[in-house]
Structure formats: C-alpha cells, structure tokens
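Notes to accompany the following structure.
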Amino acid sequence: LLSHSEPETQGKDANRRSLHGPSPVTTFGPKACMLKNPKAVMHIQDPASQRLTWNKPPKSVLIIKKIRDTSLLQPFKELCIFLTQQKNMIVYVERKVIEDPAIANESFVSIKKNICTFREDYDDISNCVDFIICLGGDGTLLYASSLFQESVPPVMAFHLGSLGFLTPFNFDTFQSQVTQVIEGNAAIILRSRLEVKVVKEYRENGSVEEMSLVTNGNKTMQYQVLNEVVVDRGPSSYLSNVDLFLDGHLITTVQGDGVIVSTPTGSTAYAVAAGATMIHPNVPAIMITPICPHSLSFRPIVVPAGVELKIMLSRDARNTAWVSLDGRKRQEIAYGDSITITTSCFPVPSICFRDPVNDWFESLAQCLHWNVRKKQSHLSSEEEEF
C-alpha cells in the first residue's frame, strides 16, 4: 500500500497506485491517533482491534448541533456545562448556533462566556479541536466532515435526529460515555472519504467559487466527501448523458437520471435507495450506482478503492448535468468540465458504541429494518407426512 506521504505518486501514475486505495492517516486532529496493533497485516487491521488512543490528554472539543431544533437546547446546555465545568475543556461551537434566537436567553448567558465560536469557510479550527461531538441526525456527521478538508478529529455522534444510522450513542448516559472517550477507552471505525476535484473550463463572466484554484484558465475546486457524489440531469427533462472513465479508460456512458459514486458509508444512503448493495465501512471500495438508467442491464458495481474515476458530459448530451457533494455545493457541469473522484487518505474516525461490526448490523436492523419479516412456522408431525 502507498503511504499517505506520497500524494504526487498517487496522482501522477495510475499504474503505480494501490488498488486498495491510499493508506489512511492514523492521526486525527492535533492529539488523537489509532493505537498501533503489532499483529496488523498489510496495514489493514481487524475492525474489532481499531482502538482510539491519545498522544496527550484532549483539551478541546467541537460541538456540532442541528440549528433551529428546540428539542436539542437542553442536551446542548447539559453537554456544554459538563465539558466546561466538570472536564475543564475548551468548547468550540459555530457562531450561528450561538446566535440562534432560541439560545439568546438568560439561561445560556453563563455558558456563552466559556464557549469559543467560529464561522464556516472563514475560520480554520483544524489544529484547535481534539475531538468532535455531534448532536442530531446523520446530517451533523456529514457537516462535521465538511469542516475538515484534511485530518479529521475523532467524532462521537449522539442520536438526537430522525434516522440515526451514523449516530450510535444515546444521550441518556452521555457523561459516562464522553468520559470513556476522553480517557481513550473507545473503539473507532475509519469511514473512508472521497477526494473530489471539480474542474471548470474557463468561460467568460465565470465566477471563482470557494476552495478554487485557477490553472491554465481552468478553475479547480477540491472537496472531501463522506457519503456520495451525485451527478444528475438537474431541472432538464432530457436524460442525463455523461461519460464515465476509470483510470483514464472510458468504461461506459450513463444515460438515465444520473449516477451516484459513493463510499461504503454512503452505500446505505442515496445509493441503497437507487438499488445498490450495502457495504461495510471497513471494506476498501468505491460504489457506482446508476439512477433510473435507460438500460435494464446497467447494474450497480463496486470498484477497488485505489482507482481514479472521471465523469464528463458526453458529446451527445442534450443538456448540462448537475453535481452535488453530500447533498451540498450543488453546481452545474457543462461540456468541457470534469469531475475526478478517488479515495481520500483522510478518513473520518467515527467513535463506536460497541465495535465497528456490531454497530453496523445494529444500524441495519434498527434504522433500515434489514431482513425483518414474520418467521415461518415449523411443520407439525402430521404436515411432515405429506
């Protein structure tokens, strides 16, 4: 496997890339890292052996809270008091959370004094946060991922939303659970992300967006995606018509409503609704799922994590396409633009309630009701004779 210290080799020579994808970094934020396992083979650990440890005791925590959800005010307040007063930790919260009118009352005055705020896309907190606590649904974990374009601190997600496939913790016992994490007593699962580059061909009156680099007149935007990249037909009534390349070779043209390129974590999101299979997050893979393809034989496929995919508008396309990344940053893709996708070496270290395997099957059963049916009754002795 290539180490994460060889990005130039990974990008320039597809033939020298490992099909297993880049070795993910094992340091998460300023202080957290994965406990080394001397029995690990080929840098791939047994999922049950992935444990969190700290180089130094954690001192700061970022709280991600779903905005304008009044049901989260009391848990948010209790968590802030616990972390600041009992654990003496520095708490970071996004400014728009503190500016929420529901929080602007006397009961939160004392709490606000002990909280540091930041603004998305303006303030860099990547080297300030030791770990992250999410209060809400799966969207809070996706949002936390979007805030960190490189190394991500460990994420502890409490189920206070609707579905909660990625949020295994119950808030009722948050004090003991958070204490265990602070003490380094927790299992983690490394959720791979996709490194996505959207290259826009130079056009007059074009605007430069965030996270963009201009090279040879073209504009390149780079993103880290936890769930999926979705390319669709947008508002047009015509079929989407995009070419799909793998390591520089045209493998097919997608004609339909669009295509989903997802991580194993994203395989249980939009992709599964479009007919894809579900992949455990520890499996190094990228899933390609067509959306309502105009072909009965176009089935979802799984490719090795180390390949590089490129999506471009076909010459025969009657309309432009649209791309969205984890449901955000939606933008139009015209002829000459391209979307390059590969596995990132910066995964999201998600803290487990029990362990990576049990947590995943628990989510399948509780959230998706996987294989739930009334059991078949046994045959009586009289029926067996027939």
Side-chain angles (χ1 to χ4, degrees), residues 10-11 14 17 19-22 24 138 142 145-146 149 166 191-200 220-234 239-281 283-295 298-314 317 320-333 337-348:
Q10 294 175 29
R17 281 199 309 271
L19 292 181
H20 293 290
D138 293 345
L142 295 175
S145 168
S146 71
Q149 292 302 300
L166 307 178
R191 298 186 178 278
S192 65
R193 295 195 290 179
L194 299 174
E195 182 181 291
V196 183
K197 293 180 181 178
V198 179
V199 179
K200 296 288 190 71
T220 301
M221 291 158 288
Q222 186 166 315
Y223 308 91
Q224 296 285 330
V225 174
L226 178 58
N227 259 2
E228 73 275 300
V229 178
V230 178
V231 179
D232 59 58
R233 58 193 175 100
L239 288 175
S240 172
N241 196 337
V242 295
D243 293 333
L244 179 61
F245 298 84
L246 189 150
D247 286 341
H249 302 286
L250 177 66
I251 57 172
T252 192
T253 297
V254 180
Q255 297 183 93
D257 281 353
V259 64
I260 305 166
V261 179
S262 60
T263 63
T265 294
S267 71
T268 51
Y270 191 179
V272 75
T277 190
M278 295 180 289
I279 306 174
H280 189 276
V283 177
I286 298 175
M287 171 162 279
I288 302 169
T289 307
I291 307 171
C292 298
H294 202 246
S295 167
F298 195 170
R299 309 310 304 159
I301 59 171
V302 178
V303 297
V307 304
E308 181 181 86
L309 300 173
K310 180 180 282 189
I311 299 174
M312 300 182 70
L313 203 65
S314 175
T320 60
W322 288 77
V323 62
S324 58
L325 308 117
D326 280 344
R328 307 178 76 210
K329 309 293 184 184
R330 188 165 174 79
Q331 51 198 284
E332 190 173 15
I333 300 297
D337 300 341
S338 66
I339 306 163
T340 303
I341 305 167
T342 190
T343 300
S344 168
C345 61
F346 297 106
V348 173

Looking at every non-hydrogen atom in both residues, tell me the closest pair between [X] and [Y] and how far apart they are.
| X | Y | value |
| --- | --- | --- |
| Thr265 | Pro281 | OG1-CB, 3.9 Å |
| Pro300 | Ala276 | CG-CA, 3.9 Å |
| Ser192 | Thr343 | CB-CG2, 4.4 Å |
| Met278 | Val272 | CG-CG2, 3.7 Å |
| Pro264 | Ala285 | CD-O, 3.3 Å |

[X] side, atom [atom1]; [Y] side, atom [atom2] - distance, nearest 0.5 Å:
| X | Y | atom1 | atom2 | result |
| --- | --- | --- | --- | --- |
| Leu239 | Ser314 | CG | OG | 11.5 Å |
| Glu228 | Ser267 | CD | OG | 10.0 Å |
| Ile251 | Leu309 | CD1 | CG | 6.5 Å |
| Ser146 | Leu325 | OG | CG | 11.0 Å |
| Thr252 | Phe245 | OG1 | CZ | 11.0 Å |

Are [X] and [Y] close enough that some pair of their side-chain heavy atoms sits under 4.5 Å apart?
| X | Y | answer |
| --- | --- | --- |
| Lys197 | Glu195 | yes |
| Asp247 | Glu308 | yes |
| Met221 | Lys200 | yes |
| Val229 | Tyr223 | no |
| Arg328 | Leu142 | no |
| Lys310 | Ile341 | no |
| Thr253 | Gln255 | yes |
| Leu226 | Arg191 | yes |

Checklist line | Worked verdict on Val261 versus Ile286 for side chain to side chain contact (heavy atoms under 4.5 Å, CB included) | finding: CA-CA 7 Å; Val261 179; Ile286 298 175; 3.6 Å; yes
Note to self: Has Ser324 got a side-chain atom pairing as donor or acceptor with Gly327's backbone, closer than 3.5 angstrom?
What the structure shows: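 The answer is no, because no donor-acceptor pair under 3.5 Å joins these two groups.
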Checklist line | Any donor-acceptor pair under 3.5 Å from Ser344 side chain to Gln224 backbone | finding: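 No: the side chain of Ser344 does not pair with the backbone of Gln224.
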Next item on the list: Look at atom CZ of Phe346 and say whether more than 12 heavy atoms of other residues, nucleotides or ligands are closer to it than 6.0 Å.
Entry: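 Yes, the 6.0 Å shell around CZ holds more than 12 heavy atoms from other groups.
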Next item on the list: Sort out for me which residue in Val199, Ile311, Asp243, Ile333 forms a side-chain contact (heavy atoms from CB on, under 4.5 Å) with Ser338.
Entry: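 Going through the options one by one, the only one that passes is Val199.
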Item checked: Residue among Leu194, Val196, Asn227, Val230 satisfying side-chain contact (heavy atoms from CB on, under 4.5 Å) with Asp326 ->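 It is Asn227, the one option of Leu194, Val196, Asn227, Val230 that forms the side-chain contact (heavy atoms from CB on, under 4.5 Å) with Asp326.
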Next item on the list: For Asp257, check salt bridge (charged side-chain N to carboxylate O under 4.0 Å, His left out) against everything at least two apart and list the hits.
Entry: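 Residues passing salt bridge (charged side-chain N to carboxylate O under 4.0 Å, His left out) with Asp257: Arg233.
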Name the atoms and distances for all side-chain donor-acceptor pairs under 3.5 Å in residues 287-295, with sequence neighbours left out.
unit_1 : atom_1 : unit_2 : atom_2 : d
Ser295 : OG     : Ser297 : N      : 3.3
Ser295 : OG     : Ser297 : OG     : 3.1

Checklist line | Lys/Arg N to Asp/Glu carboxylate O, Asp232 vs Arg330, below 4.0 Å | finding: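 Salt bridge: yes.
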